[in-house]
Trainee: 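This is the structure I want to talk about, given as structure tokens.
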Amino acid sequence: MRGPWRLDGMTTPSSGASVLAKRKWLRGGLFTLSGLQTLVSVWQYAFPRSFYDDFPTVQLDPPYNEHLVSDVGGLGLALAAVLFLAARALQHTVVTAALTGYLVYAGAHFLYHVTHFAHFSPEAALGVGTGLGVEVVLAISLLYLARQAEPGATASARRSA
């Protein structure tokens with residue numbers, strides 16, 4: 001069965017303990033992404049020069065542009081808000097939309113950085129690549145978990161979708 005679902009007791013899935021565990025991990029992951037995105041985005045939006053000067057490796061990119069950095073911070077705050085609301089609602093469509101949007105952002109961010117390491121030290125490249133890669137893996141994992149937590153979907157239906 002596809003469609004909206006809630007994991008807060010309004011829908012009673014077949015395996016209560018399993019769904020409760022999935023609910024806990026899904027909500028925790030969404031709040032984690034939301035929190036991390038909020039921290040970085042507030043810094044970008046409210047203190048763009050500090051972000052450019054003090055965030056590791058950012059100064060290795062093109063020259064500082066306050067407008068660009070604060071706009072990126074504002075967009076990040078919008079993404080954090082959607083992730084937060086998805087964690088609160090835990091409705092299938094909202095969760096899937098929030099995680100898909102986050103995955104598009106995180107994937108593009110990861111791809112840019114791993115193809116622009118020319119001015120990075122090996123340590124900085126490893127740190128940036130690993131940190132951004134973890135964000136991509138977490139988003140993919142949470143999308144998988146959201147799909148697995150969909151009530152009424154059989155294993156064969158999930159594989160064929």
Side-chain angles (χ1 to χ4, degrees), residues 1-52 54-56 58 65-114 127-155 157-161:
M1 170 202 269
R2 296 188 60 98
W5 49 260
R6 292 179 63 90
L7 295 176
D8 61 2
M10 293 185 71
T11 299
T12 308
S14 58
S15 173
S18 175
V19 169
L20 288 177
K22 289 175 183 176
R23 172 185 177 234
K24 182 178 180 180
W25 281 102
L26 185 58
R27 183 168 275 152
L30 287 161
F31 277 134
T32 298
L33 289 178
S34 176
L36 292 172
Q37 190 65 48
T38 299
L39 288 174
V40 172
S41 298
V42 165
W43 189 3
Q44 290 170 319
Y45 186 76
F47 307 102
R49 185 70 212 198
S50 171
F51 179 82
Y52 181 83
D54 301 325
F55 194 88
V58 172
N65 180 318
E66 180 178 2
H67 180 210
L68 179 61
V69 175
S70 62
D71 280 0
V72 168
L75 290 170
L77 288 171
L79 183 54
V82 171
L83 288 164
F84 179 83
L85 292 172
R88 295 273 300 158
L90 275 187
Q91 293 175 335
H92 181 70
T93 303
V94 176
V95 167
T96 301
L99 288 171
T100 300
Y102 186 83
L103 181 58
V104 168
Y105 159 74
H109 193 196
F110 174 77
L111 184 61
Y112 175 84
H113 281 286
V114 298
V128 169
T130 301
L132 297 177
V134 165
E135 292 178 346
V136 171
V137 169
L138 181 57
I140 291 169
S141 299
L142 291 172
L143 275 167
Y144 176 78
L145 181 60
R147 180 73 176 127
Q148 295 300 307
E150 188 175 356
T154 65
R158 278 189 224 109
R159 283 192 297 269
S160 67

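Quick note: numbers below take in every heavy atom, side chains included, and nothing from hydrogens, waters or symmetry partners.
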Trainee: My understanding is that only residues two or more places apart in sequence, or in another chain, count here; which of them pass side-chain hydrogen bond (donor to acceptor under 3.5 Å, both in side chains) with Q37?
Mentor: S41

Trainee: Kindly give the heavy-atom pair with the smallest separation between L83 and S34, and that separation in Å.
Mentor: CB-CB, 3.8 Å

Trainee: For N65, what residues pass the side-chain hydrogen bond (donor to acceptor under 3.5 Å, both in side chains) criterion, not counting sequence neighbours?
Mentor: none

Trainee: To the nearest 0.5 Å, what is the distance between CG on L33 and OH on Y105?
Mentor: 11.0 Å

Trainee: Test of understanding: with ring-ring contact (aromatic ring centres under 6.0 Å, His included), list the residues that count as partners of F47, not counting sequence neighbours.
Mentor: none

Trainee: Which residue pairs pass the salt bridge (charged side-chain N to carboxylate O under 4.0 Å, His left out) test when at least one of the two sits in residues 93-103, sequence neighbours left out?
Mentor: none

Trainee: Please list all pairs meeting salt bridge (charged side-chain N to carboxylate O under 4.0 Å, His left out) that have one or both residues in residues 66-75, counting only residues at least two apart or in different chains.
Mentor: none

Trainee: Fit a plane to each ring of F51 and W43, take the angle between them on a 0 to 90° scale, and name the class: parallel (under 30°), tilted (30 to 60°) or perpendicular (over 60°).
Mentor: perpendicular

Trainee: Can you give me the closest heavy-atom contact between R88 and R27, atom names plus distance?
Mentor: O-NH2, 3.2 Å

Trainee: With A86, which residues qualify under side chain to side chain contact (heavy atoms under 4.5 Å, CB included), at least two apart?
Mentor: L30, V94, V95, A98

Trainee: With Y52, which residues qualify under side chain to side chain contact (heavy atoms under 4.5 Å, CB included), at least two apart?
Mentor: R49, V58, Q59, Y64

Trainee: List the residues meeting side chain to side chain contact (heavy atoms under 4.5 Å, CB included) with Y45, not counting sequence neighbours, and say none if there are none.
Mentor: S70, L77

Trainee: Please identify each residue that fulfils ring-ring contact (aromatic ring centres under 6.0 Å, His included) with F110, with sequence neighbours left out.
Mentor: none

Trainee: Can you tell me how far the OG1 atom of T96 sits from the CD atom of Q91, to the nearest 0.5 Å?
Mentor: 11.0 Å

Trainee: Side chains of residues 132-144: which donor-acceptor partners sit under 3.5 Å, not counting sequence neighbours?
Mentor:
residue : atom : partner : partner atom : Å
S141    : OG   : V137    : O            : 2.8

Trainee: Grab the two heavy atoms, one from Q148 and one from K22, that are nearest each other, plus how far apart they are.
Mentor: O-NZ, 3.4 Å

